[in-house]
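To keep things clear, I will list the structure first and then write my remarks on it.
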Amino acid sequence: MAAANYLPSEDQFLCSICLDVFTDPVTTSCGHNFCKNCINEHWNTNDQYLCPMCKTVFNTKPELLINTFISEMVAQFRQSAQQKASSSSSEQQESKPGEVPCDVCTGTKLKAELGKTEAEIQQMIQKRRLKIQEIKHSVDLSEEDADREIAEGVQVFTSLKESVERGLNELIDTIKEKQKTTEKQAEAFIKELEQEISELMKRSTEVEQVLRSEDHLHLLQSVQSLNIQQPPPTKDWTEVSVRPSSYEGTVVKAVVQLEETLSKEMKKLLESELKRVQQYAVDVTLDPDTAHPKLILSDDGKQVNHGDVRKNLPDNPERFSKCVNVLGKQSFSSGRFYFEVQVKGKTDWDLGVARESINRKRSITLSPEDGYWTIWLRNGNEYEALDDPGVLLSLKSPPQKVGVFVDYEEGLVSFYDVDAAALIYSFTGCSFTEKLFPFFSPSLNYGGKNSSPLIISPVRVN
């Protein structure tokens, strides 16, 4: 019977993340227990779904269910602790005024207090040991990221270096080949001219010999027999010339080829980068309490478009009153996060993130200074990053789906054309000091021309 009332010590009910008694305890498939919120927040702020205890890596985020057995044990433990505290309080109240406790009682109470102090110290030690493990693990992850980036950088720059050397060698060979062709043509002309000169000199010698003759009859016979009055057959060289080879465009062509190679390498890099940032995908839904009254939100909170009718909604502090904007329900104050939005069929839209303290009751200016990190489309083909100052964007093709990535600590907000795996624009060197919310504006529908909704899409990593 005594065993049935036995409860484990408090240490066995402590979450290894928050180091407090379990709240909504869940168990991972590797057999370790955590508070549900603790493990979810841990996974949301880390690169992998990793067990903090045994470092087991899960390919996908595990589905976590409350461990009812541990929950019941925790409830019994808390009830027992409260009863002990109540009993101790009653004993103290039953002490008679002026009564001096005996040494045994005093010693027993002192030992109990010291035991409690020791337990607290051990708990503090355990917390710090876990923090050391967390820090070491962060360093290990950082080292892995650094090694991967270095390896990728070496590979890319080696490839570029080889391309440059190959392009330079091809350029030199092309120029030398052109020069060799010119030299061969000149040599052929010179050889032909020298042959004609030789024939002419021979005829000249013959003419000189005849001219020296004093015998007129011999002179006449020689002229008739040798036909020296006519020069030997020769080529008309008046229009013949050797034109220097033209090298215009040769270097430019080589550089264009190098640029094409660089573009291919850039595309590979961007595809790899997009896959990495997609690992930080979060589930974003629209917050109806922030939506302008003319916006129409889907029931699942994934789509928004502009309607002509202003709905009668409470003018709560969170709601945009002047501009047709809406925020996501989810906020982020650390780590990295990523989401994708379909913009297909629209002529106007705004996308990005906004800080919590933005003014929602007046006309707004989209800029980092006012708490917005956004890009927009206007008139179907005018893209701009709303930076300080704004930057007009020249895109090769209109994006159908835009990815938004934020690294809070790094101060980075990047936008991607998901289908083309191309970087649209990056805000860098940002200073974030408060919560950030996903920001959306489908803009006005302009009589149906811009009626397509913005759609928060599930992230699919290829």
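Note: hydrogens, waters and symmetry copies are ignored here, and every other heavy atom, side chains too, is used. Not measured: the values here are computed from a predicted model.
Side-chain atoms of Leu50 and His137, non-hydrogen and from C-beta on, do get closer than 4.5 Å to each other. With contacts defined as side-chain heavy-atom distances shorter than 4.5 Å, the pair Ile17/Cys35 does not qualify. Within the 4.5 Å cutoff, no side-chain heavy atoms of Glu41 are placed close to those of Thr45. Using a 4.5 Å heavy-atom cutoff, the side chains of Leu270 and Lys267 are not in contact. Looking at heavy atoms from C-beta onward, Arg360 lies in side-chain contact with Leu327 at the 4.5 angstrom threshold. Contact check for Asp283 versus Lys302: side-chain heavy atoms found under the 4.5 Å cut-off. For the pair Leu351 and Thr374, the minimum side-chain heavy-atom distance is 4.5 Å or more. Counting only heavy atoms from C-beta outward, the side chains of Ile364 and Asn325 approach each other to under 4.5 Å.
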message: Please determine whether side-chain contact (heavy atoms from CB on, under 4.5 Å) holds for the pair Phe439 and Leu366, giving the CA-CA distance in whole Å, both sets of side-chain angles, and the decisive distance to 0.1 Å.
response: CA-CA 11 Å; Phe439 172 85; Leu366 296 179; 4.0 Å; yes
- request: For the pair Phe427 and Tyr425, evaluate ring pair (Phe, Tyr, Trp, His ring centres under 6.0 Å) and give the outcome as yes or no after the intermediate values.
  value: CA-CA 7 Å; Phe427 293 84; Tyr425 189 77; 5.1 Å; yes
- request: May I have the step-by-step check of side-chain contact (heavy atoms from CB on, under 4.5 Å) for Leu377 and Val343, ending in yes or no?
  value: CA-CA 10 Å; Leu377 167 66; Val343 297; over 6 Å; no
- request: Take Phe432 and Trp373 through the ring pair (Phe, Tyr, Trp, His ring centres under 6.0 Å) test and state the conclusion after the steps.
  value: CA-CA 11 Å; Phe432 303 131; Trp373 292 266; 5.0 Å; yes
- request: Go through Val277 and Tyr416 one step at a time and tell me if the side-chain contact (heavy atoms from CB on, under 4.5 Å) criterion holds.
  value: CA-CA 10 Å; Val277 301; Tyr416 296 88; 4.0 Å; yes
field: Derivation of the side-chain contact (heavy atoms from CB on, under 4.5 Å) call for Asn450 and His306
entry: CA-CA 8 Å; Asn450 189 40; His306 180 262; over 6 Å; no
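Under 3.5 Å, the side chains of Glu356 and Ser331 contain no donor-acceptor pair of N or O atoms. Side-chain polar atoms of Ser321 and Lys361 form a donor-acceptor pair below 3.5 angstrom. Counted by atom type alone, Gln76 and Glu72 present zero donor-acceptor pairs between their side chains at under 3.5 Å. The closest side-chain donor-acceptor pair between Gln122 and Gln126, if any, does not fall under 3.5 angstrom.
Residue pairs meeting the salt bridge (charged side-chain N to carboxylate O under 4.0 Å, His left out) criterion with at least one member in residues 362-371: none, sequence neighbours excluded. The salt bridge (charged side-chain N to carboxylate O under 4.0 Å, His left out) analysis of residues 404-415, with sequence neighbours excluded, yields the pairs Arg336-Asp407.
Using the six-membered ring where Trp is involved, Phe58 and Trp43 have ring planes that are perpendicular, over 60° apart on the 30 and 60° scheme.
Although no hydrogens or angles enter the test, the distance criterion places a donor-acceptor pair under 3.5 Å between the side chain of Thr117 and the main chain of Glu113. Counting only distance, with no hydrogens or angles, the side chain of Glu382 and the backbone of Gly380 share no donor-acceptor pair below 3.5 Å. In terms of modelled atom types and a separation under 3.5 Å, the side chain of Ser241 and the main chain of Arg243 share no donor-acceptor contact. No donor-acceptor distance shorter than 3.5 angstrom exists from the side chain of Lys178 to the backbone of Asp173, with no hydrogens or angles considered. A donor-acceptor pair is defined here as one N or O able to donate and one able to accept, closer than 3.5 Å; no such pair exists between the side chain of Asp387 and the backbone of Pro389. A side-chain donor-acceptor contact under 3.5 Å links Ser441 to the backbone of Val324. No side-chain donor-acceptor contact under 3.5 Å links Ser272 to the backbone of Lys268. Checking side-chain atoms of Lys346 against main-chain N and O of Pro442 turns up a donor-acceptor pair under 3.5 Å. In terms of modelled atom types and a separation under 3.5 Å, the side chain of Lys311 and the main chain of Pro293 share a donor-acceptor contact.
Rounding to the nearest 0.5 angstrom, the gap separating the CG atom in Asn33 from the CG atom in Leu14 is 12.0 Å. The distance from the NZ atom of Lys401 to the CG atom of Asp417 is 10.5 Å, given to the nearest 0.5 Å. Atoms CZ and OG1, from Phe34 and Thr28 in turn, are 5.5 Å apart once rounded to the nearest 0.5 Å. Once rounded to the nearest 0.5 Å, the distance linking CZ of Phe405 with CG of Leu423 reads 11.5 Å. Put simply, CG on Asp24 and CG on Asn67 are 11.5 Å apart, with the number rounded to the nearest 0.5 Å. Here the CD-CZ distance, from Glu149 to Arg276, works out to 4.5 Å after rounding to the nearest 0.5 Å.
At a threshold of 4.0 Å, the pair Asp287-Arg319 does not count as salt-bridged, since none of the basic side-chain nitrogens sits closer than that to a carboxylate oxygen. Between Arg148 and Asp145 there is a salt bridge, since at least one side-chain N of the basic residue sits less than 4.0 Å from a carboxylate O of the acidic one. A salt bridge does not link Lys275 to Glu271: none of the charged side-chain nitrogens sits closer than 4.0 Å to a carboxylate oxygen.
Remark: Lys131 NZ is loosely packed, at most 12 non-hydrogen atoms of other residues, nucleotides or ligands lying under 6.0 Å away.
With sequence neighbours left out, the ring pair (Phe, Tyr, Trp, His ring centres under 6.0 Å) criterion links Phe332 to Phe337.
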